Number of protein chains: 2
Amino acid sequence: MPYKPDMDEMNRIPETRVEQREAYEATSVYELVREDILQGKLAANERLKVSVLAARYGTSTNPVREALQQLRGEGFVLFSHNRGARVRPIDEEFVRDIYEMEVLIEPYLTSWFVGIATDEDIARLEAIQDRIDAIGFEDPEAYSALDTQFHRLMYDRHYNRHALDMWWKHREILRAISRKFPFARGRRREILNEHRQLIEAIKDHDATTAARVIAAHVGGSGRHIVEHMRASRNL
Amino acid sequence: MPYKPDMDEMNRIPETRVEQREAYEATSVYELVREDILQGKLAANERLKVSVLAARYGTSTNPVREALQQLRGEGFVLFSHNRGARVRPIDEEFVRDIYEMEVLIEPYLTSWFVGIATDEDIARLEAIQDRIDAIGFEDPEAYSALDTQFHRLMYDRHYNRHALDMWWKHREILRAISRKFPFARGRRREILNEHRQLIEAIKDHDATTAARVIAAHVGGSGRHIVEHMRASRNL
DNA sequence: CGCTGTCAGATCGTACATTATCTGTCAATT
DNA sequence: AATTGACAGATAATGTACGATCTGACAGCG
């Protein structure tokens, strides 16, 4: 009998992010650990002892062990045999590597979007961008949320779900990092500029320049973050 | 105290692939399940019952559960809550998606290699290619091994370990698929051609054309496989 | 024909056993 | 006296066993 896939089987990008966890207490251990790693509550290279985590999250050890294995598969956790798990450190190299992959992926996603973008899509993009301009980086969290909205509007409908998952995973990692390094004033202006340029290219249905703009956008952000990380290391 | 990373902590591409498992019986459940999925011994969408797998591999259930979770993290296995795990089907869409990502990644890896390639590297590439020409697709397994060697010679030293892991993972999936669809004669000639063109571009230290050639190479293989899959589906 | 209760089978969580690694002490050697 | 090596206890990872809970299917009933 042919198997009919189910909604919750796919590793989907969540429709709405749950930011505050206290409201819903029914989240899985996997999500909790993952979130704690991304938030930095579990530091780089920190040992992840199943007994400690089990106590922390109020479960027994088995769910923790399985969660850690899943996170290992996703690359967030490193194992060594008979010596347990550690938080994968997100160092400059790793961030650079991820950004360089994004420089490949995002233009790819973008240029397809240019082909299918309706006037309404463009209007929405502009509306989001207006709001970004309005808050003007005052509130980094709000900015981050809007920026995510901006990119998801372009990417979410892409047929390449695998590339989309990859993008989303990368984005979550990078968001966690950039939380610690707020954008400098100069870089902010560049970002606004690039978004506006991007919208223009989409309006013109010019996939090539759109791809070029987004590549520069991502590459710029990457270099910016890596430099910050490097600077803060030499304190 | 600063943590000094350990060799076996990293998810590294293995130095030498172990093809026959009977020799070493000490492989982990994770590897066994993964291999069985890639070899097709566990079919697409097949239910993965922990008790069955535990019996099959001669362990208790917990190692199986953890292995499945890791495979879930890597995307080989899909879970639905309280309903267990299934083998992720590798359908045409998925293969297409992976190939399209490879069209981005491989040129990226290649063009860096062009910059660092020594004369000896080029000689080795040519040696491998000569051997490929020699066996001339008679033995698909041997061809596959040589082709892997060819590409690894170019990619293995790349600084972007993340991209390299991604490439390797994709390659393993695609190898598993293409085992079922041997190359047609026409496509074979193209492949040989493209490899030779690539070598020429590397000799000229021309990263741009090297990237273009490899993009065409990967894209061509992708279309070829997808068409085969589509055809075999309509039997 | 549809609804509902029951039951088998499997997942998921908990508890326990075993095995490996880490740590600190102490004796032996230089 | 300082360093090294071995041993023992503690600690934690890995493997096994079991019970609770959920799902899916089917028979009985309205």
Side-chain angles (χ1 to χ4, degrees), chain A residues 1-11 21 24-34 36-37 42-43 45-74 76-88, chain B residues 1-11 24-34 36-37 42-74 76-88:
Chain A
M1 67 211 74
Y3 169 70
K4 186 144 155 289
D6 210 338
M7 259 305 121
D8 79 319
E9 288 201 10
M10 358 209 74
N11 289 352
R21 92 165 52 127
Y24 308 76
E25 201 50 61
T27 41
S28 65
V29 177
Y30 160 76
E31 290 170 280
L32 294 171
V33 178
R34 180 192 159 104
D36 282 348
I37 289 175
L42 294 168
N45 281 319
E46 183 170 341
R47 278 201 67 181
L48 297 170
K49 306 185 189 179
V50 284
S51 54
V52 173
L53 293 177
R56 176 171 181 162
Y57 301 122
T59 67
S60 65
T61 61
N62 232 353
V64 175
R65 283 158 63 173
E66 291 178 9
L68 291 180
Q69 292 295 338
Q70 188 180 350
L71 291 164
R72 150 143 98 165
E74 292 177 347
F76 290 107
V77 158
L78 299 175
F79 270 75
S80 29
H81 189 60
N82 281 326
R83 275 187 280 170
R86 289 177 180 276
V87 177
R88 159 154 208 173
Chain B
M1 68 208 71
Y3 168 71
K4 187 145 155 289
D6 211 338
M7 258 308 120
D8 79 319
E9 289 200 9
M10 358 208 76
N11 288 355
Y24 308 75
E25 199 51 59
T27 40
S28 65
V29 176
Y30 160 76
E31 290 169 282
L32 294 171
V33 178
R34 180 194 158 101
D36 281 350
I37 290 175
L42 294 168
N45 279 321
E46 182 170 343
R47 278 201 69 181
L48 297 169
K49 307 186 188 180
V50 285
S51 54
V52 173
L53 293 177
R56 175 171 182 164
Y57 302 123
T59 67
S60 67
T61 60
N62 233 351
V64 175
R65 282 158 65 173
E66 291 178 10
L68 291 179
Q69 291 297 335
Q70 187 179 350
L71 290 164
R72 151 141 96 163
E74 293 178 348
F76 291 106
V77 156
L78 298 175
F79 269 75
S80 30
H81 189 61
N82 281 327
R83 275 186 284 169
R86 287 175 180 276
V87 177
R88 159 154 206 173

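Quantities reported herein were computed from a predicted structural model and do not represent experimental measurements.
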Take atom CZ of Arg72(A) and atom P of dA13(D), then tell me their distance rounded to the nearest Å. 13 Å

So what does Thr61(B) touch, heavy atoms closer than 4.0 Å: a base, only the sugar-phosphate, or nothing? nothing

Quick one: label Leu48(A) by what it contacts on the DNA or RNA (base, sugar-phosphate, nothing), any heavy atom closer than 4.0 Å. sugar-phosphate

Counting C-beta onward and ignoring hydrogens, is there a side-chain heavy-atom pair between Arg72(A) and Tyr30(B) closer than 4.5 Å? no

Quick one: does Arg65(B) reach the base of dG15(D) with a side-chain donor-acceptor pair under 3.5 Å? no

Do Leu42(B) and Arg56(B) touch side chain to side chain, with heavy atoms closer than 4.5 Å? yes

Does some side-chain heavy atom of Val77(B) sit less than 4.5 Å from a side-chain heavy atom of Ile37(B)? yes

Think Ser60(B) has a side-chain N or O under 4.0 angstrom from the OP1 or OP2 of dG15(D)? no

Which two nucleotides bound the region of DNA chain C that has atoms under 4.0 Å from heavy atoms of chain B, read 5' to 3'? dA10(C) to dG13(C)

Between dA20(D) atom P and Asn62(A) atom CG, what is the distance in whole Å? 17 Å

Output the distance between atom CG (Leu71(B)) and atom CD (Gln70(A)), rounded to the nearest 0.5 Å. 11.0 Å

Any side-chain heavy atom of Val33(A) within less than 4.5 Å of one from Phe76(A)? no

Pairs under 3.5 angstrom, nitrogen or oxygen only, protein versus nucleotides 21-23 of chain D, please.
| from | atom 1 | to | atom 2 | distance (Å) |
| --- | --- | --- | --- | --- |
| dC22(D) | O3' | Asn82(B) | ND2 | 3.2 |

In whole Å, I'd like the distance from the CD atom of Gln69(A) to the C1' atom of dG15(D). 13 Å

About how many Å separate CZ of Arg86(B) and NZ of Lys49(B), when rounded to the nearest 0.5 Å? 10.0 Å

